[in-house]
Amino acid sequence: MPELLANLNPEQLAAVTLPNEPALILAGAGSGKTRVLITRIAWLIQQGMASPSTILAVTFTNKAAREMMGRLQALLPIDTRGMWIGTFHGLCNRMLRAHYRDAGLPQTFQILDTADQLSAIKRLMKGLNIDDEKYPPKNLQYFINNAKEQGLRPKDVDVTDDFNRKFVELYEAYDQQCQREGVVDFAELLLRCYELLAHNPPLRAHYQARFRDILVDEFQDTNKLQYAWLKLLAGPGNAIFAVGDDDQSIYAFRGANVGNMRDFENEFRVKHLIKLEQNYRSHGHILDAANYLIAHNSRRLGKNLRTDAGHGEPVRVYEAATDSQEAGWIVEEIRALINQGLARNEIAILYRSNAQSRTIEHTLVNAGVPYKVYGGLRFFERQEVKHALAYLRLIDNPNDDTAFARVVNFPARGIGARSIEQLADAARLYNCSMAAAIPYVTGKAGTSLGGFANLVAKMRAETAQMSLPETVEYTVRMSGLAEFYQNEREGQDRLENLQELVNAATAFVSEEGYGLDTPARSIPLRPGASAAPEIVSRDGEIEVLDAPAITDPAQNPDLMTPLAGFLSHASLEAGDNQAQAGQDAVQLMTVHAAKGLEFTAVFITGLEEGLFPHENSAMEADGLEEERRLMYVAITRAKERLYISFAQSRLLHGQTRYNVRSRFFDELPQESLKWLTPKVEAGSRWGGRADNAGWGRDWFARPGGGESGGGRRDRDAYVADKSPAPAFANEQRAAETGFRVGQGVFHTKFGEGTITALEGSGTDAKAQVRFKRHGEKWLALAVAKLQPVE
DNA sequence: TACGAAATGATACTA
DNA sequence: TCATTTCGTA
């Protein structure tokens, strides 16, 4: 028991052992936030103040939820699997599945991810003959999600003008379409769950009585709807324990509302506000830089990090002439660090926008330094996987037009755009799904559509008794997807992903504890499991007929069929957002993606006006302050070494831009900086910036190159300034290929292979590689993205 | 229907 | 520059 609380500092200890009352924990970067959250849960359970079933813990990412469950499991001899620890969306999904009738949803409702939602919107607009130039589908999508996140249904949205009125109309039509198809988007998951609780007092009371302790991670990232949902769950006998850091709020652009922290403090009369300011991550100079920078923000709750670690190394600053020179310097420093014995995965290169990674990658490749880029497509977002999932969704729910439209002609079965349009018209006429409208379409189109209908019907019938992995395997085969990719020249990886999908299904079944032969499409009633919830509405009144019948998904996870569960899993957990895992490699990612991580050495690149702070942030209210918080997040990722760099010119979108160094340099404590290049005072160079001008003007295209806004035709007329980057010291060493014959390599397009020959040197260096799947190829090392593999 | 050419847009991103 | 989408023709 005491060892649970051992090694906590006084503030952490105070937070962990607070009474069951509203509390706000202001947890600075590297202050042991997660540890406090987990220890608090463990402590509550150990003290008998709570049991695993009375706790609700909410996070933003599946990763955070998994970490919490894993570490908790390690602290206590309990099974965390049934606990209500998860993301907002995951928990809402769970609640909606349990009370689908009260929520007005079909039992097999499915979840639209962002891409599905957009295609649903496009389909809707096409059907209504809406001009998508005037009303861009993406804008409508944003409008709808934004409204939902404010808790607004179409009837609640203020109509201000005709344009707005159209959007509201479309929002209404979209909701109806979703309802008819039995699908919900991400925002709907939250809003629907919110309404479920808001309109159903007995149910609300049930959950309020149940969740005595509600713990929220990253509270500064909650949006209005999430906060409202939490407030509904916070009843008289329970309390919210919110952990967050207003200085690390970097998601306002997607609806996060830092104001929730203040509101929480006021609305709940928070008596316990604890600041965790002891930092266990960074050395002194780094922390000083962070503190000093963030002090330039107004409207903070106020916090100052301290460390016992000593000053450590100063923050190194480098000014480069060009972006490629900047990259060259970074690679040099990285080599030095590696030579000093630092592991590659303890080194991170951070940038503000993804476009910046290319130059850096290129330089790393040439230098033969292995690296990993975070970001990009995740497993369940790959087209072949989404195709397969669409077939599965169609088997489960014939009304899902989004899934239908996706695969009706994939693989191609001669059903063209014309036929689909006819079908959509019929569906609208008869107010039914596209699948149901097939009999109404006549002629040749009707025949080929009929063929598709038969295929799906056959698949539905034949999978009726199959287990989930069998169903997935069967679907991949019978849909023709496997055959299609088999014959496709570049289809091998996709084929493998389809196989991987079958494996994922097998893994899912075993993780969820189903028997391997449990039918995928029936609700498996285990012994002792109770039937579906029984809350019935009578005369508009909602009533609990039989109190114990409010079924708790935690005790009965079988309210979902394995297939429905797997499909939600695919939507809610799209998989890793990381490139190839494994080998020891330098980590490349955006500053946003780095939040929550830490590295021994960190490079923050592209510190230029217009880039960081980003030019677009000048338009947004509070935009500059968010950029500054972003920089704060970036700095606080570093444990021992921090490098900050910028370049005078940068090739971006095919144009050379001349940038001015970021204002953030002037907001750092100069005594903690070590300039590796002479520091040039602002204003002493051409292009020096006027501090209070809108900084959109602070960067500009090539001097004498004319206005950049001259339209596309300028592209041909425009000759980019191709002056070569000044050679940097180790051009010579970069010339070494860094490869040897017989070495295993990885290529982003061709996959794994082995080097069979090397030729030439410097920029002409070539390697012959025998790829496992694509045969032997000669590759120019300066161009090909080859990564060494063990 | 299918393919290549031309046009276009480009901050950050989890569920 | 590059990835994606639309356009125009076979």
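Only a predicted model underlies this, so the values are computations on that prediction, with no experimental measurement involved. First the proteins, then the strands, lettered A, B, ... as listed; each starts at 1.
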For [X], answer base if it contacts any base atom (sugar-phosphate contacts may also be present), sugar-phosphate if it contacts only those atoms, and nothing otherwise; contact means non-hydrogen atoms under 4.0 Å.
| X | value |
| --- | --- |
| A:Ile415 | sugar-phosphate |
| A:Phe60 | sugar-phosphate |
| A:Ala187 | nothing |
| A:Ala574 | nothing |
| A:Asn62 | sugar-phosphate |
| A:Glu620 | base |
| A:Phe88 | nothing |
| A:Asp221 | nothing |

Between [X] and [N], is there a side-chain N or O to OP1/OP2 distance below 4.0 Å?
| X | N | value |
| --- | --- | --- |
| A:Arg358 | C:dT1 | no |
| A:Asn145 | B:dA15 | no |
| A:Asn354 | B:dA12 | yes |
| A:Arg378 | B:dA15 | yes |

Nearest-neighbour nucleotide for the [X] side chain, [options] considered:
| X | options | value |
| --- | --- | --- |
| A:Leu572 | B:dT11, B:dA15, B:dC13 | B:dA15 |
| A:Phe186 | B:dA10, B:dA12, B:dA15 | B:dA15 |
| A:Ala593 | B:dA15, B:dC13, B:dT11 | B:dC13 |
| A:Arg352 | C:dT1, B:dA15, B:dT11 | B:dT11 |
| A:His592 | B:dT14, B:dA12, C:dC2 | B:dA12 |
| A:His653 | B:dC13, B:dA10, B:dT11 | B:dA10 |
| A:Ala412 | B:dA2, B:dT14, B:dC13 | B:dA2 |
| A:Ser353 | B:dC13, B:dT14, B:dA12 | B:dA12 |

[X] [atom1] to [N] [atom2]: how many Å, rounded?
| X | N | atom1 | atom2 | value |
| --- | --- | --- | --- | --- |
| A:Glu625 | B:dA12 | CD | P | 22 Å |
| A:Tyr194 | B:dA15 | OH | C1' | 20 Å |
| A:Tyr142 | B:dC13 | OH | P | 17 Å |
| A:His89 | B:dA15 | NE2 | P | 9 Å |
| A:Gln248 | B:dT14 | CD | P | 16 Å |
| A:Gln141 | B:dC13 | CD | P | 17 Å |
| A:Arg657 | C:dT1 | CZ | P | 16 Å |
| A:Gln226 | B:dT14 | CD | P | 14 Å |

Checklist entry - In a check of salt bridge (Lys or Arg N to Asp or Glu O under 4.0 Å) between A:Arg352 and each of A:Glu627, A:Glu626, A:Glu615, which one passes? => result A:Glu627

Checklist entry - Any donor-acceptor pair under 3.5 Å between the side chain of A:Thr114 and the base of B:dA15? => result yes

Checklist entry - Which heavy-atom pair separates A:Ile111 from A:Arg393 by the least distance, and what is that distance? => result O-NH1, 4.2 Å

Item to check | Residue list, ring pair (Phe, Tyr, Trp, His ring centres under 6.0 Å) with A:Phe410, at least two apart or on another chain | outcome: A:His387, A:Phe484

Next on the checklist: If I pick the P atom on C:dT4 and the same atom on B:dC13, what distance separates them, to the nearest angstrom?
Outcome noted: 16 Å

Checklist entry - Between A:Asp400 and A:Arg406, is there a salt bridge with N-O shorter than 4.0 Å? => result no

Checklist entry - Does a side chain donor of either A:Glu326 or A:Ser645 reach within less than 3.5 Å of an acceptor in the other side chain? => result yes

Checklist entry - Passes side-chain contact (heavy atoms from CB on, under 4.5 Å), A:Leu190 versus A:Lys148? Steps please. => result CA-CA 9 Å; A:Leu190 298 180; A:Lys148 288 186 180 182; over 6 Å; no

Checklist entry - For DNA chain B, whose closest nucleotide is more 5', that of A:Gly414 or that of A:Glu626? => result A:Gly414

Checklist outcome for this item: Comparing nearest nucleotides in DNA chain B, the 5'-proximal residue of the pair A:Ser571, A:Arg418 is A:Arg418

Next on the checklist: Run the salt bridge (charged side-chain N to carboxylate O under 4.0 Å, His left out) test on A:Arg123 and A:Glu181 for me, step by step, so that the C-alpha distance in whole Å, both residues' side-chain angles and the decisive distance to 0.1 Å come before the verdict.
Outcome noted: CA-CA 13 Å; A:Arg123 190 157 38 77; A:Glu181 296 180 12; 3.1 Å; yes

